[in-house]
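This report concerns only the one structure given below.
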Number of protein chains: 2
Amino acid sequence: MNSSRPVTIKDIARRFRCSPSTVSRALNDHPAINEDTRKNIQEYAKEVGYQRNEVSLSLLNKKTASLGVVVPTISNYYETAVIEGLHTALQPLGYTLNICVTNENYLLEKEYLSKLLSNRTEGIFLSVSQETYDSGYYEHLESVIQRKTPLIFIDREYEDFETSRATVDDYHGAFAAVEHLINIGYKEIAHLKGPNGLTVSEQRFKGYVDCLKKYDMPVRDELIINTNFKVESAIVPTKRLLEMASPPDAIFGANDQVAIGAMRVVKDKNLKIPQDVGLIGFDNSPISAYTFPSLTTVSRPGRKIGMEASRLFMNQINGSEDFLHESIVLPSELVIRESSLRI
Amino acid sequence: MNSSRPVTIKDIARRFRCSPSTVSRALNDHPAINEDTRKNIQEYAKEVGYQRNEVSLSLLNKKTASLGVVVPTISNYYETAVIEGLHTALQPLGYTLNICVTNENYLLEKEYLSKLLSNRTEGIFLSVSQETYDSGYYEHLESVIQRKTPLIFIDREYEDFETSRATVDDYHGAFAAVEHLINIGYKEIAHLKGPNGLTVSEQRFKGYVDCLKKYDMPVRDELIINTNFKVESAIVPTKRLLEMASPPDAIFGANDQVAIGAMRVVKDKNLKIPQDVGLIGFDNSPISAYTFPSLTTVSRPGRKIGMEASRLFMNQINGSEDFLHESIVLPSELVIRESSLRI
DNA sequence: ATATCTAATGCAAACGTTTGAAAAAATTTA
DNA sequence: TAAATTTTTTCAAACGTTTGCATTAGATAT
């Protein structure tokens, strides 16, 4: 009795010299059970700390009420906002979120997906890792499709699959940011690009390039520099930018982190923001409003993405045979603050 | 065959007119299976995308290889670092982490714990929510203990339970921070306190108070102000501080976020950091090194805490009957940067 | 006393997999 | 060809729970 084995329905049945069915029904308030029996059993169950074994139930009902959330990282504001959105929408429906962090690693992603399928997860929200993107492998996704487990892409996506997806319009966000810099009067706009190959990086990059072209401004390769989205990775590149013969007068960072890194370097050079150098980030992370000067940025609706993704999932599992997959694209929005407001 | 029902061992057995046992053994490379049979079955299984139902296995073996990680939030650097540490240590051992975010909510925490137990999670890492702390309810933990599911406290803890725990020495970190300010020569040190009731807030607060006392400096109530650990929550309080008749000449923030909020306000008042106002944060979040000026802070070894907690867990499940619970306290470390270096 | 009805409980199968022991089939030996 | 041996396969139980159907006990009506 003080063994560590959890109490089962059979144990209770033995104790009351009745069948497991009776115990089960008693615990579930089945009407065909005698009032006293029910009360006794329920009391005893509570006393010994009986707790239904959901594993056996999952097996029986083929329902696990668990969903997989596979993301490359949870270290950024945006990702946690998405998760919060998913959580807000799905927790009340009884779903448990199984959050898997791939660290941008293909093998880990593959392993997680396989594990989720083996565990009979009822749906998967996936933002593919950078490695997956780079490698172009997607067999691990085939098996998800084959098993007809609802798969919802978040942000990063494969075009090739027939699935629902919820993404942010990074392209137009970046475009608006650069356009804003041009309108203010900045002439030489550098870009701290995100990791190559990621949709988000490439879309923002494309927005940057297309906007320059629209205004007949040259796209100078030496003003486009790679980062890994982390603060540190912006330091050396920004220094290099500012020490060029004809340095840029504005910098568009692919996210707030690198923009803040750049901000530091600019200040170290005793240059003024926004007078000497204009600066824009991406994400509208909480801190961006309180840097000095505050950072102009592009806000992405992470929480909303999570909730939309949930909606897409619910549509799919409630949908008929001829259900059509949806692609939601939420707008991103330019948030103008001090770092770009040269008068 | 294109039904959505996953292929089972029985399906394969029917196909080969053999028993499920044979299929099971074939798939698991059991030596007593004929080479040809094995090959055929394995090929076919791959072809139809057979995937072992782990739910049934969990039921059979009473092992789920899944661990619960129950935390109040994943929006801060520290928490994600802890999770990363847990992940690094436990993923290679085949464990799946089930990350549950309570949003500081007692009921949610209770529900998650109950669900984890029902799902026969093999261990739980818990950082209790603020509400739980405030309310003082802990029945929901009793059932975890009663079921002998290993429970490892992270950072926030109940003193009352016989469990292993891994915490950071916030007290001495805070003490060192304040001592540093005093050594530099700051006379009136304010504290932006974290949410009341949380161990981390209270420990840091205590370190602050005790250090002042050690140096015979008055503890002025009006210099101690509450925040909720978020940037915004530091703005108004800091303004109020700086507009006092005799304002503080240094501010010790309970985390980097509020310190950065304070930094912004100080600059808005055209005061210089560290000349007019010294500033220290807590967490050593990546950005703190790149603010302008860079932020002196106290580093907490989040990743290490995660790995230590994993070790405690492994000790417990491998331990004998007379296993003794361990309390690990990792030191925090003052990281001196520009914001406190008045010369 | 017997048939009829109602209330309460038990039986057995199912979910998918593994595994020790038994059985069957194939092979070798005498 | 029969016996002994080895190889391969099957049987049956187990994990914990639910549920349609059958059964039992007790009560009521005839």
Side-chain angles (χ1 to χ4, degrees), chain A residues 3-42 44-45 48-66 114-115 117-122 147, chain B residues 3-42 44-45 48-66 114-115 117-122 147:
Chain A
S3 116
S4 69
R5 187 175 65 78
V7 178
T8 73
I9 270 191
K10 288 185 185 175
D11 297 328
I12 302 181
R14 247 189 306 275
R15 160 72 174 69
F16 282 94
R17 290 190 165 66
C18 69
S19 75
S21 352
T22 301
V23 177
S24 169
R25 288 199 250 263
L27 292 173
N28 292 318
D29 289 324
H30 192 286
I33 293 292
N34 182 285
E35 188 67 9
D36 289 343
T37 321
R38 209 205 56 188
K39 220 181 281 176
N40 288 335
I41 290 183
Q42 289 191 352
Y44 180 75
V48 296
Y50 169 78
Q51 213 147 6
R52 225 230 233 86
N53 184 333
E54 294 286 346
V55 177
S56 77
L57 253 198
S58 294
L59 181 58
L60 188 61
N61 298 332
K62 304 183 175 197
K63 298 224 163 152
T64 55
S66 78
S114 158
K115 220 165 203 169
L117 287 184
S118 280
N119 287 326
R120 299 304 189 258
T121 296
E122 294 180 29
R147 272 272 284 290
Chain B
S3 116
S4 69
R5 187 174 66 79
V7 177
T8 73
I9 269 191
K10 288 184 186 175
D11 297 328
I12 302 181
R14 245 188 308 275
R15 160 73 175 65
F16 283 92
R17 289 191 166 67
C18 70
S19 74
S21 354
T22 302
V23 177
S24 169
R25 290 197 169 97
L27 292 173
N28 292 319
D29 289 323
H30 192 285
I33 293 292
N34 181 285
E35 187 66 11
D36 290 341
T37 321
R38 209 205 54 187
K39 219 181 281 176
N40 288 335
I41 290 183
Q42 288 192 353
Y44 180 75
V48 296
Y50 169 78
Q51 212 145 7
R52 224 228 234 87
N53 185 332
E54 293 288 346
V55 177
S56 77
L57 253 199
S58 294
L59 181 58
L60 188 61
N61 299 332
K62 303 182 174 199
K63 296 220 166 154
T64 55
S66 78
S114 158
K115 221 165 203 169
L117 287 185
S118 280
N119 287 326
R120 299 303 189 256
T121 296
E122 295 180 30
R147 272 273 282 289

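Each chain gets a letter, A, B and so on, in the order the sequences are listed, and its residues count up from 1. Keep in mind that the numbers below use all heavy atoms, side chains included, and drop hydrogens, waters and symmetry copies.
- Distance from the side chain of A/Asn53 is smallest to D/dT17 among C/dG10, D/dT17, C/dT19.
- Within the 4.5 Å cutoff, no side-chain heavy atoms of A/Ile33 are placed close to those of A/Asn28.
- No option in A/Ile9, A/Ile41, A/Val23 other than A/Ile9 meets the side chain to side chain contact (heavy atoms under 4.5 Å, CB included) test with A/Tyr50.
- At a threshold of 4.5 Å between non-hydrogen side-chain atoms, the residues B/Arg38 and B/Glu35 count as touching.
- Recorded end-axis angle for the helix from C/dA1-D/dT30 to C/dA30-D/dT1 stands at 80°, based on five pairs per end and rounded to 10 degrees.
- Under 4.0 angstrom from either OP1 or OP2 of D/dC15 there lies no side-chain N or O belonging to A/Arg5.
- The side chain of A/Ser56 approaches D/dT17 more closely than any other nucleotide in the set C/dT18, C/dG10, D/dT17.
- Whole-Å rounding puts the B/Arg25 CZ to D/dT7 C1' distance at 13 Å.
- Comparing atom distances between the A/Thr22 side chain and each of D/dA14, D/dT18, C/dG10 picks out C/dG10 as nearest.
- Across the protein-nucleic acid pair, A/Lys63 atom NZ and D/dT18 atom P stand 16 Å apart, rounded to whole Å.
- Considering only the side chain of A/Asn34, C/dT9 comes nearest among C/dC15, C/dT17, C/dT9.
- Looking at heavy atoms from C-beta onward, B/Lys62 lies in side-chain contact with A/Arg5 at the 4.5 angstrom threshold.
- Of the candidate nucleotides C/dT9, D/dC15, D/dT17, C/dT9 has the atom nearest to the side chain of A/Ile33.
- The residue A/Leu60 sits close to a base: some heavy atom pair falls under 4.0 Å.
- Of the two residues contacting DNA chain D, namely B/Pro31 and A/Thr8, the nearest-nucleotide position lying further toward the 5' end is that of B/Pro31.
- Side-chain proximity of A/Ser21 to D/dT18, C/dC15, C/dC11: nearest is C/dC11.
- Here the straight-line distance linking atom OG of A/Ser114 with atom CG of A/Asn119 works out to 9.0 Å at 0.5 Å rounding.
- Residue A/Thr37 places at least one side-chain N or O closer than 4.0 Å to OP1 or OP2 of C/dT9.
- Atom NE2 in B/His30 sits roughly 13 Å away from atom P in D/dT7 (whole-Å rounding).
- Of all heavy-atom pairs between A/Arg120 and B/Arg52, the closest is NH1-O, 3.6 Å.
- Look at CG on A/Leu27: it is 13 Å from C1' on D/dG16, rounded to the nearest Å.
- One interatomic measurement links the two molecules: CG of B/Leu57 to C1' of C/dT17, which rounds to 6 Å at whole-angstrom precision.
- Map B/Asn61 and B/Ala32 each onto its nearest nucleotide of DNA chain D; the residue landing nearer the 5' end is B/Ala32.
- For B/Lys10, a side-chain nitrogen or oxygen approaches OP1 or OP2 of C/dC15 to under 4.0 Å.
- Going from atom CZ of B/Arg17 over to atom C1' of D/dT10 covers 16 Å, rounded to whole Å.
- With hydrogens and angles left out, the side-chain atoms of B/Ser19 and B/Thr22 include a donor and acceptor closer than 3.5 Å.
- Listed pair B/Tyr50 / C/dG16 fails the phosphate criterion, with no side-chain N or O lying under 4.0 Å from OP1 or OP2.
- Remark: C1' of D/dG16 and NZ of B/Lys62 are 9 Å apart, rounded to the nearest angstrom.
- Phosphate contact (OP1/OP2 of C/dT18, side-chain N/O of B/Asn28, threshold under 4.0 Å): present.
- Atom CZ of A/Arg14 is separated from atom P of D/dG16 by 10 Å (rounded to the nearest Å).
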(request) Applying salt bridge (charged side-chain N to carboxylate O under 4.0 Å, His left out), run through A/Lys39 and A/Asp36 and close with a yes or a no. (result) CA-CA 5 Å; A/Lys39 220 181 281 176; A/Asp36 289 343; 5.2 Å; no

